[in-house]
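Structure first, then comments.
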Amino acid sequence: MGDIYKALADPTRRKILDELTDRNGQTLFEICARLAAKHQLASTRQAVSQHLDVLEAAGLVESRREGRYKFHFIDPTPLRRIAARWIPPEESP
């Protein structure tokens, strides 16, 4: 779980996850464009690619190649495990 917390500690990575939540299945180019337009983040493609690698290593992002494009998808499963650790399931009345 330590990798998840490390990945979430960076504000740029949280914004990347926000963008993938808003529109899943984006290419690196699309993510960079959305970060620049919506968050005024002028990160290089290389920097965003490294952030995506950290998110992927933590299990928060999955990628899939289709031809010459690589699409990135959020995987909320690790976040659900974190929530389940401290938030008990609701009991029925």
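FYI, the numbering just counts along the sequence from 1. For clarity, every value in this text was computed on a predicted model and none was experimentally measured.
I4 and P78 make their closest contact through CD1-CB, 3.4 Å (heavy atoms, listed as atom of the first residue, atom of the second, distance). Nearest heavy-atom pair, A7 versus L60, reported as atom, atom and distance to 0.1 Å: CB-CD1, 4.0 Å.
The line from CD1 of I16 to OG1 of T21 is 11.5 Å long, rounded to the nearest 0.5 Å. Rounded to the nearest 0.5 Å, atoms CD (Q26) and CG (L52) are 10.0 Å apart. Here D18 contributes atom CG and L35 contributes atom CG; the two are 9.5 Å apart, rounded to the nearest 0.5 Å.
By the side chain to side chain contact (heavy atoms under 4.5 Å, CB included) test, Q40 is found to be paired with no residue, residues two or more places apart in sequence or in another chain being considered. Remark: A47 pairs with S43, T44 by the side chain to side chain contact (heavy atoms under 4.5 Å, CB included) rule, at least two apart or across chains. Here R34 pairs with E19, D22 under the side chain to side chain donor-acceptor pair (under 3.5 Å) rule; sequence neighbours left out.
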List, one per line, each side-chain donor-acceptor pair under 3.5 Å for residues 68-76, sequence neighbours excluded.
| from | atom 1 | to | atom 2 | distance (Å) |
| --- | --- | --- | --- | --- |
| D75 | OD1 | T77 | N | 3.1 |
| D75 | OD1 | T77 | OG1 | 2.7 |

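By the neighbour-count criterion of 12 heavy atoms within 6.0 Å, atom CD of E66 is densely surrounded, having more than that number from other residues, nucleotides or ligands.
Side-chain contact between I31 and L20 is present, with at least one heavy-atom pair separated by less than 4.5 Å. Looking only at side-chain heavy atoms (C-beta outward), L8 and L79 come within less than 4.5 Å of each other.
A side-chain hydrogen bond (donor to acceptor under 3.5 Å, both in side chains) check over residues 7-16, counting only residues at least two apart or in different chains, returns the pairs R13-H51. The list of salt bridge (charged side-chain N to carboxylate O under 4.0 Å, His left out) pairs with a residue in residues 49-58, not counting sequence neighbours, is empty.
Hydrophobic clustering keeps V54 apart from V48 (ILVMFWY residues linked when any side-chain heavy atoms are closer than 4.5 Å, directly or through intermediates).
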